[in-house]
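Everything on this sheet refers to the single structure shown next.
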Amino acid sequence: MDIAFIYIGLAQSLFSAFIIYFKKPRNIANRILGFWLLAIGGMFALNVVKLHYEATQDFWPISLTLSTSFPIFLYIYTKYVVSDYSTFQRIDYLHFVPLLVGCVVLIYFVPSLTQGIEEFKEELNNINSPNEVGYVFKLYIWVYCLLALIFIINYRRKIKNYFSFQSYKNSLNWLIFIIVSFLVIYNYIIYISTKYYLGAAMPHIESFRSGALLLFVYIISFWGFKQNQLATNIRSPKLNFLKKNDESESKRYTKSGLSPKKAEQYALRLIDYMDHSEAWKNNELNVAALSEATDIPKHHITQVLNENIQKNFYTFVNEYRVKLAMEMIISPKYDSLSFVGIAFESGFNSKTAFNIFFKKYTGMTPTEYKKKHS
């Protein structure tokens, strides 16, 4: 059973890495996920070598290095999913520096790789709390997962500046599920590994570890293939993410370099385009598509909408949709259409989103509105 999990994990990791890395449209987030899956594949490959050559004690520094790279990949993948970077930022290479230093230290300062694991176990037994090393790894994982969650929270606070719709594609619930799954699965792996290294009888430990890791491979492969990098201007996590940050948002706009005159021109161009193109009928319209159509930078669209038009992108677009829906509801021409049909004809992507925004805009439900104007 051990060898089955390992070979399946190796094959699945490499296959998923290839598919996701070369998935179109090509973007930096998919490449990061591809490298992460390759690192996981490296862990499975290492286990194959250990089992075939009966060298289970020799490669633990490499195994430890690969393992500790996973939370870094999770954090960086989250960062690039919620941002529209086109290239990998040099500063993010720094996350891997302590990892490489630790690997060098483990290799050159352990007396012998063949005795390395025994030395490691002796050191563990000499520690006042035998699980202390496990706690360090858990803290390391939790810190990176927390940073990833901060990115998501910061993104969710600003989501209506970038999208005119709500769906699993931009809610990032799937990414939260991946983070939680990683925390549960990898804390489990750390727990049983610590017990094993301290002498607990676990004859099938590789089945447990490889099986858990294989489950996680399936999770990130499935969701990673379905998702694309989001078109936002979010660049870094805000440590004060629990507070409303209107003042800092205003300060950010003052540094954008957009003059009042140019902002007014952009505002008129946006309104004119929306009035004549009916682009809002696209139920997945986002700020990136509008930027490309109007030749206005994305960050300037966000600024103009918030400062000049006094609306976020979500409200700006959906007001066009709800106005058309109001006309359709009271027009005899559309009597054969249900409210769901009217919602989709107007550009909404779901009945729920249509009902919520319609009630917010008119103060009535679609049914109440139709009865009032019958």
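All residue numbers refer to positions in the sequence shown, counting from 1.
- Looking only at side-chain heavy atoms (C-beta outward), N47 and S210 come within less than 4.5 Å of each other.
- Counting heavy atoms from C-beta on, the side chains of L270 and V304 come closer than 4.5 Å.
- Note: Y140 and Y144 meet the aromatic proximity criterion, with ring centroids under 6.0 Å apart.
- Considering every non-hydrogen atom in both S67 and M43, the closest pair reads OG-CE, 2.8 Å.
- Checked by atom type and distance alone, the side chain of T362 pairs as donor or acceptor with a backbone atom of M364 at under 3.5 Å.
- Residue-environment remark: CZ (F22) exceeds the threshold of 12 foreign heavy atoms within 6.0 Å.
- Between atom CG of residue N154 and atom CD1 of residue I159 there is a gap of 12.0 Å, rounded to the nearest 0.5 Å.
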Worked check of side-chain contact (heavy atoms from CB on, under 4.5 Å) between R26 and R31 | CA-CA 8 Å; R26 301 278 296 275; R31 293 178 184 179; 3.6 Å; yes

Please test F354 against N349 for side-chain contact (heavy atoms from CB on, under 4.5 Å), starting from the C-alpha separation and ending with a verdict.
-> CA-CA 8 Å; F354 168 65; N349 71 333; over 6 Å; no

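- Considering all non-hydrogen atoms of both residues, S221 and I20 come closest at O-CD1, 4.0 Å.
- Of the possible polar contacts, none joining the E292 side chain to the A289 backbone as a donor-acceptor pair under 3.5 Å is found.
- Linking Ile, Leu, Val, Met, Phe, Trp and Tyr residues whenever their side-chain heavy atoms come within less than 4.5 Å leaves L268 and L290 in two separate clusters.
- The ring of F358 has its center closer than 6.0 angstrom to the ring center of Y369.
- Of all heavy-atom pairs spanning R321 and E284, the tightest one is NH2-N, 4.5 Å.
- F73 places a side-chain heavy atom less than 4.5 Å from the side chain of F96.
- Side-chain atoms of S277 come within 3.5 Å of backbone N or O of A279 as a donor-acceptor pair.
- Of the possible donor and acceptor atoms, one in the side chain of Q310 sits under 3.5 Å from a partner among the backbone N and O of E307.
- Closest non-hydrogen pair, L66 versus A39, comes out as CD2-O, 3.9 Å.
- For an aromatic pair to be called close, the ring centres must be under 6.0 Å apart, and Y186 with F216 fails this.
- Here the straight-line distance linking atom CZ of R269 with atom CD1 of I296 works out to 4.5 Å at 0.5 Å rounding.
- Of the inter-residue distances, the one linking L214 atom CG with S207 atom OG reads 11.5 Å to the nearest 0.5 angstrom.
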Trace of the side-chain contact (heavy atoms from CB on, under 4.5 Å) decision for I220 with L37 = CA-CA 9 Å; I220 60 174; L37 284 163; 3.5 Å; yes

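- Here the two rings, on F151 and Y75, have centers that are under 6.0 Å apart.
- The distance between the ring centers of F5 and F208 does not fall below 6.0 angstrom.
- Using a distance-only test at 3.5 Å, with no hydrogens or angles considered, a donor-acceptor pair links the side chain of H276 to the main chain of D272.
- Using a 4.5 Å cut-off on side-chain heavy atoms (C-beta onward), I141 and C145 make contact.
- Atoms CD1 and CZ, from I189 and R209 in turn, are 8.5 Å apart once rounded to the nearest 0.5 Å.
- Judged by distance alone, with hydrogens and angles left aside, the side-chain atoms of N170 form a donor-acceptor pair with the main-chain N or O of F165 at under 3.5 Å.
- Inspection of the Q12 and S16 side chains reveals an N or O donor paired with an N or O acceptor under 3.5 Å.
- For F35 and F88, the ring centers sit 6.0 Å or farther from each other.
- Exactly one of V317, N312, L230, V287 qualifies for a side chain to side chain contact (heavy atoms under 4.5 Å, CB included) with F163. That residue is L230.
- Around NZ of K360, the count of heavy atoms belonging to other residues, nucleotides or ligands within 6.0 Å does not exceed 12.
- Within the 3.5 Å criterion, the main-chain N or O of L285 finds a donor-acceptor partner in the side chain of S164.
- Within a 6.0 Å radius of CG in D295, other residues, nucleotides and ligands contribute 12 heavy atoms or fewer.
- No more than 12 heavy atoms of other residues, nucleotides or ligands lie within 6.0 Å of CZ in R90, so this atom counts as exposed by the packing criterion.
- Smallest separation of non-hydrogen atoms from Y273 and A293: OH-CB, 3.2 Å.
- The distance from the CD1 atom of I153 to the CG atom of L172 is 11.5 Å, given to the nearest 0.5 Å.
- Looking only at side-chain heavy atoms (C-beta outward), P366 and I329 come within less than 4.5 Å of each other.
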Check the pair Y266 / Q303 against side-chain contact (heavy atoms from CB on, under 4.5 Å), numbers first and verdict last.
-> CA-CA 10 Å; Y266 281 163; Q303 178 179 350; over 6 Å; no

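- The two residues Y77 and G224 come nearest to each other via the heavy atoms OH-CA, 3.9 Å.
- With salt bridges taken as basic N to acidic carboxylate O contacts below 4.0 Å, none links K281 and E345.
- Residue Y188 qualifies as enclosed at atom OH: its count of foreign heavy atoms under 6.0 Å is above 12.
- Formation of a donor-acceptor pair under 3.5 Å by the T78 side chain with backbone atoms of L74 is found in this model.
- One finds no salt bridge joining K261 and E264 here, because no Lys/Arg side-chain nitrogen approaches an Asp/Glu carboxylate oxygen to under 4.0 Å.
- Put simply, the residue from N306, N161, I309 that forms a side chain to side chain contact (heavy atoms under 4.5 Å, CB included) with F316 is I309.
- In terms of modelled atom types and a separation under 3.5 Å, the side chain of N318 and the main chain of Y314 share a donor-acceptor contact.
- At most 12 heavy atoms of other shown residues, nucleotides or ligands fall within 6.0 angstrom of atom OH in Y191.
- Here V340 sits in one hydrophobic cluster together with F344; the rule is ILVMFWY side chains under 4.5 Å apart, joined directly or through other members.
- A side-chain donor-acceptor contact under 3.5 Å links D92 and Y80.
- For T315 (side chain) and K311 (main-chain N/O), no donor-acceptor pair under 3.5 Å exists by modelled atom type.
- One finds the CD1 atom of I72 at 11.5 Å from the CG atom of L147 (value rounded to the nearest 0.5 Å).
- Exactly one residue among N286, I301, T302 makes a side chain to side chain contact (heavy atoms under 4.5 Å, CB included) with S291. That residue is I301.
- Under the 4.5 Å side-chain heavy-atom criterion for grouping Ile, Leu, Val, Met, Phe, Trp and Tyr, I356 is not connected to V322 through any hydrophobic cluster.
- Side-chain contact between D84 and K298 is present, with heavy atoms from C-beta onward closer than 4.5 Å.
- Annotation: cation-pi pair K23/F225 present, NZ/CZ under 6.0 Å from the ring centroid and within 45° of its normal.
- Y21 is not listed as a side-chain neighbour of N30, based on a closest heavy-atom distance of 4.5 Å or more.
- Side chains of S171 and R156: no donor on one and acceptor on the other come within 3.5 Å.
- Under the 4.5 Å side-chain contact rule for hydrophobic residues, Y7 and L215 share a cluster.
- Counting heavy atoms from C-beta on, the side chains of L324 and E327 come closer than 4.5 Å.
- The number of heavy-atom neighbours closer than 6.0 Å to CG of L94, taken from other residues, nucleotides and ligands shown, is above 12.
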